[in-house]
Amino acid sequence: MRIISWNVNSVRLRVDNLARLASEWQPDVVCIQEVKAEAKDFPFEALKAIGFEHIHLRGMKGYNGVAVLSRLPLQKPGGENWCGKEDSRHAMVRLPGGIELHNFYIPAGGDIPDPDANDKFAHKLGFLDEATTWFAEGRRNGRKMILLGDLNIAPLETDVWSHKELLNVVSHTAIEVEKLKQLQASAKWVDAVRKIVPPAERLYSWWSYRAADWSASDRGRRLDHVWVTPALAGAVTGARVLKEARGWKMPSDHAPVIVDFS
DNA sequence: ATGGTGGCTTTGCCA
C-alpha cells in the first residue's frame, strides 16, 4: 500500500498535478491539505476520473481544508474540531485492514513566535496541546494508526536549511519542537520517513514561493510528516519526498511525501 | 533588516 501526504495549496488549481502524481506514482491513498474549497466547489468528478473513487472531504470556503482521496473504500469518515473552531484541519477515516488514518493541517502560526503577542502562534501551540491530550487519553492504545499531514513544524536540525538562522523563525522554534515531541509521545508515534531516511541526512518538503530560484537556493523545511503507531512501524518499507513535484508546472510550494507499507 | 510569490472570502488576509 502506498500512501501520500501533500499540501496542494488549492485543490482546484492542482487537479492536473494530482493526475500526474496518480499516474506516475500509483498511490492507493492521497491525503491533501490546504484544499481551500467547500464541497460545492470541490472537483469530486475530476478526482474520481483519476481513480480516486472514494473521497472524504472536510472543507471550507477559501482557507484550510483537508481531504482523503482513495482507490480503496473508506470507512467511518469523520474528523475533530480543535480549539473551538470549525476550520477543517482534521479528517479521519478507517482504511481496509482496520487502519485508522488521521490527516492534519496544523495552524502555521503567523510570523511572531510569541503566544502573548501573536494569537496565531497561541492557536498553533493550543492545537498541539489539544491533539496531544486527545491521543494520550488511551482509548486508542495499540491501534494501527497513521498520522500525517502538514504539521507546519520542522523538528530536526537537518529538517531546515539553516538550524541557526531559523531558531527564532516560526516552524523551527524550541517551543514548537517540544510540543511536536509531546504529540509524538502521545501514541508512541514513529516518524515513518526518518525510519527510512537517516536523521543525519537533510530532507525538506517545502520551499517558499518567494525565491528567485527555489532549487538553486534550496532553502527548504520539512513541514510535512507521516507518522505510524508501533503496531504499523514494521510494515513501513519505503519513504521519500517527491522533490521533483515542486518543479512541476503550476506547483504547490509543498512536495508530496510518499510512504510504502507491506 | 528587508522583501520576495501565490491563492483566495481579492485591492486585505493568509501562507
Side-chain angles (χ1 to χ4, degrees), chain A residues 5-18 20-21 31-43 46-47 57-67 81-91 103-115 117-128 148-155 159-162 164-173 176 179-180 204-225 241 243 245-257:
Chain A
S5 176
W6 194 11
N7 179 324
V8 292
N9 186 19
S10 169
V11 68
R12 283 173 286 178
L13 288 183
R14 241 54 86 181
V15 168
D16 289 349
N17 304 51
L18 283 162
R20 180 169 178 180
L21 182 75
C31 296
I32 58 177
Q33 304 88 32
E34 283 206 80
V35 165
K36 295 187 173 180
E38 58 191 321
K40 73 176 178 64
D41 297 320
F42 189 92
L47 294 173
L57 167 68
R58 292 200 75 219
M60 61 187 285
K61 194 173 184 178
Y63 297 104
N64 310 328
V66 292
N81 295 322
W82 306 88
C83 303
K85 299 174 190 284
E86 294 185 24
D87 56 357
S88 299
R89 295 181 179 276
H90 177 221
N103 179 12
F104 276 98
Y105 175 51
I106 291 182
D111 288 331
I112 303 165
D114 175 354
N118 174 9
D119 289 343
K120 289 187 237 174
F121 196 69
H123 178 214
K124 183 177 199 174
L125 300 183
F127 191 105
L128 289 158
L148 54 72
D150 180 0
L151 307 187
N152 264 316
I153 297 172
D159 290 338
V160 292
W161 64 275
S162 169
K164 194 177 165 187
E165 292 197 50
L166 289 175
L167 268 174
N168 201 33
V169 173
V170 171
S171 74
H172 193 62
T173 64
E176 291 168 86
K179 298 278 187 196
L180 192 69
Y204 315 138
S205 66
W206 173 87
W207 293 262
S208 172
Y209 284 127
R210 304 177 192 178
D213 186 332
W214 69 274
S215 181
S217 57
D218 198 25
R219 293 187 168 193
R221 306 178 202 170
R222 190 170 71 106
L223 304 179
D224 304 274
H225 301 270
V241 173
K243 184 177 180 179
R246 180 63 179 79
W248 289 353
K249 188 181 172 189
M250 282 279 286
S252 167
D253 46 352
H254 293 252
V257 181

**Q** In whole angstrom, give the distance that lies between atom CZ of A/R219 and atom C1' of B/dT2.
**A** 13 Å
**Q** How far does the C1' atom of B/dT10 sit from the matching atom of B/dC14, given to the nearest Å?
**A** 12 Å
**Q** Quick one, give me the B/S/- string for nucleotides 7-15 of chain B, reading 5' to 3', where B means a protein heavy atom under 4.0 Å from the base and S means that only happens at the primed atoms, P, OP1 or OP2.
**A** SSB----SB
**Q** Count the heavy atoms of every other residue, nucleotide or ligand shown that sit under 6.0 Å from CG of A/D111, and state whether that count exceeds 12.
**A** no
**Q** Does atom CG of A/D41 have more than 12 heavy-atom neighbours from other groups under 6.0 Å away?
**A** yes
**Q** Can you confirm whether A/W206 sits close enough to A/N7 that some side-chain heavy atom of one is under 4.5 Å from a side-chain heavy atom of the other?
**A** no
**Q** Tell me, do A/K179 and A/I153 make a side-chain contact under 4.5 Å, heavy atoms counted?
**A** no
**Q** Rounding to the closest angstrom, what is the interatomic distance between B/dT9 and B/dA15 at atom P?
**A** 15 Å
**Q** State the dot-bracket string of DNA chain B. Criteria: Watson-Crick or G-U wobble, both atom distances under 3.5 angstrom; notation: ( ) intrastrand, [ ] crossing earlier pairs, | interstrand, . unpaired.
**A** ....(((.....)))
**Q** Figure out the CG/P separation between A/D213 and B/dT5, and round it to whole Å.
**A** 14 Å
**Q** Rounding to the closest angstrom, what is the interatomic distance between B/dG6 and B/dG12 at atom C1'?
**A** 15 Å
**Q** Going by the side chain to side chain donor-acceptor pair (under 3.5 Å) test, name the single residue among A/R222, A/H172, A/R221 that passes it with A/D159.
**A** A/R222
**Q** Return the orientation label for the A/H90 and A/F104 ring planes: parallel under 30°, perpendicular over 60°, tilted otherwise.
**A** parallel
**Q** Taking only Lys NZ, Arg NE, NH1 and NH2, and the carboxylate oxygens of Asp or Glu, determine whether A/K243 and A/D218 approach each other closer than 4.0 Å.
**A** yes
**Q** If I pick the C1' atom on B/dC13 and the same atom on B/dC8, what distance separates them, to the nearest angstrom?
**A** 9 Å
**Q** Taking atom P in both B/dG7 and B/dG3, compute the distance separating them and give it to the nearest angstrom.
**A** 22 Å
**Q** Begin from the C-alpha positions of A/T173 and A/L167 and carry the test side-chain contact (heavy atoms from CB on, under 4.5 Å) through to its verdict.
**A** CA-CA 5 Å; A/T173 64; A/L167 268 174; over 6 Å; no
